[in-house]
Amino acid sequence: MKLTLEASLHRIGQMFRERVSPELQSDFAAQSARLAGGLLNICANWVDDAAELRHNENAAIRDLLGEAVALVDRPMATRLAACAAAANPGLKISVLDAENHRLRALLVEVHAAIEMRANPEAQAFNQRIWQVLEEIEQKRAPRE
């Protein structure tokens, strides 16, 4: 098996759970070692999923911004169209996170503008925004 950060974290977590924990005399210490092992697995999965998760989130938000072009005024529509057509500026987690924050700020601006409208298209889009945000948060939930 190739030595990667996520593989190393998984191995250390497994060692805590399977080798260290059973050797400890104190129930508290044994449970702490098992917990540390589980947390290391969560961290390993985070490392493994981080870039893909952010890339997919940014794409989902860009899709929403593209859909919103038809629902907002011209100056905002121009900004949204440019944003929807753009790509991620890089693959580093810090770069993807910065882009995610920028896209989310624009989505908040769009959401505020859309919520003020009472027409059925705007109301349906409002619900779509909430649906996509819920899906994004569910995918960010830690996994062990």
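Numbers here are sequence positions counted from 1.
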| Step by step, would you call Arg17 with Gln14 a side chain to side chain donor-acceptor pair (under 3.5 Å)? | CA-CA 5 Å; Arg17 285 189 317 279; Gln14 182 179 13; 5.8 Å; no

Could you give the distance from [atom1] ([X]) to [atom2] ([Y]), rounded to the nearest 0.5 Å?
X	Y	atom1	atom2	answer
Asp97	Asn58	CG	CG	8.5 Å
Glu6	Asp49	CD	CG	9.5 Å
Arg62	Leu106	CZ	CG	10.5 Å
Leu64	Gln131	CG	CD	9.0 Å

| field | Inter- and intrachain pairs under ring-ring contact (aromatic ring centres under 6.0 Å, His included), touching residues 66-92, at least two apart | value |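 Qualifying pairs: none.
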
| request: Hey, could you give me each pair passing ring-ring contact (aromatic ring centres under 6.0 Å, His included) that has a residue in residues 117-144? Not counting sequence neighbours. | output: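 Non-adjacent pairs meeting ring-ring contact (aromatic ring centres under 6.0 Å, His included): His111-Trp130.
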
| query | Can you name the nearest heavy-atom pair linking Ala30 to Ser21, along with the distance? | reply |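 In terms of heavy atoms, the two residues are closest at O-OG, 3.0 Å.
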
| said: On a heavy-atom basis, which atom in Ala33 and which in Phe16 lie closest, and how many Å separate them? | reply: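 Looking at all heavy atoms of both residues, the shortest contact is O-CB, 3.4 Å.
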
Side-chain contact test, heavy atoms from C-beta onward, threshold under 4.5 Å: evaluate it for [X] versus [Y] and give yes or no.
X	Y	answer
Cys83	Leu103	yes
Lys139	Leu53	yes
Asn88	Val95	no

| task | Report the C-alpha distance between Gln123 and Glu115 in whole Å, list the side-chain angles of each, state the deciding distance to 0.1 Å, and finish with yes or no for side chain to side chain contact (heavy atoms under 4.5 Å, CB included). | result | CA-CA 7 Å; Gln123 294 305 310; Glu115 280 186 323; over 6 Å; no

| task | Among Leu133, Leu80, Val132, find the residue that satisfies the side chain to side chain contact (heavy atoms under 4.5 Å, CB included) test when tested with Leu107. | result |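 Option passing the side chain to side chain contact (heavy atoms under 4.5 Å, CB included) with Leu107: Leu133.
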
For [X], does the [atom1] atom sit with more than 12 other heavy atoms under 6.0 Å from it, leaving out its own atoms?
X	atom1	value
Asp27	CG	no
Arg140	CZ	yes
Leu91	CG	no
Glu23	CD	no

| query | For Trp46 and Ile93, what are the C-alpha separation, side-chain angles and deciding distance, and is it a side chain to side chain contact (heavy atoms under 4.5 Å, CB included)? | reply | CA-CA 11 Å; Trp46 183 91; Ile93 301 304; 4.2 Å; yes

| task | Apply salt bridge (Lys or Arg N to Asp or Glu O under 4.0 Å) to the pair Glu99 and Arg54, showing each step before the final yes or no. | result | CA-CA 9 Å; Glu99 180 68 357; Arg54 283 154 178 79; over 6 Å; no

| Would you call Glu109 and Arg79 a salt bridge, using N to O less than 4.0 angstrom? |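 Arg79 and Glu109: salt-bridged.
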
Do [X] and [Y] share a hydrophobic cluster, counting only Ile, Leu, Val, Met, Phe, Trp and Tyr and linking them when any side-chain heavy atoms are less than 4.5 Å apart?
X	Y	result
Val108	Val69	no
Leu24	Leu40	yes
Ile12	Val20	yes
Met15	Leu9	yes

| message | Show, in sequence, the C-alpha distance, side-chain angles and deciding distance for Ile136 and Arg104, and conclude whether the side chain to side chain contact (heavy atoms under 4.5 Å, CB included) test is met. | response | CA-CA 12 Å; Ile136 284 172; Arg104 283 179 183 247; 3.2 Å; yes

| For Leu96, the rest of its hydrophobic cluster, which grows through side-chain links under 4.5 angstrom |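 Members alongside Leu96: none; it stands by itself.
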
| said: Just to verify, which of Glu121, Glu134, Glu135, Glu67 counts as forming a salt bridge (Lys or Arg N to Asp or Glu O under 4.0 Å) with Arg128? | reply: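 Answer after filtering Glu121, Glu134, Glu135, Glu67: Glu67.
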
| Yes or no on side chain to side chain contact (heavy atoms under 4.5 Å, CB included) for Ile114 and Val72, after CA distance, side-chain angles and deciding distance? | CA-CA 7 Å; Ile114 295 295; Val72 297; 4.0 Å; yes

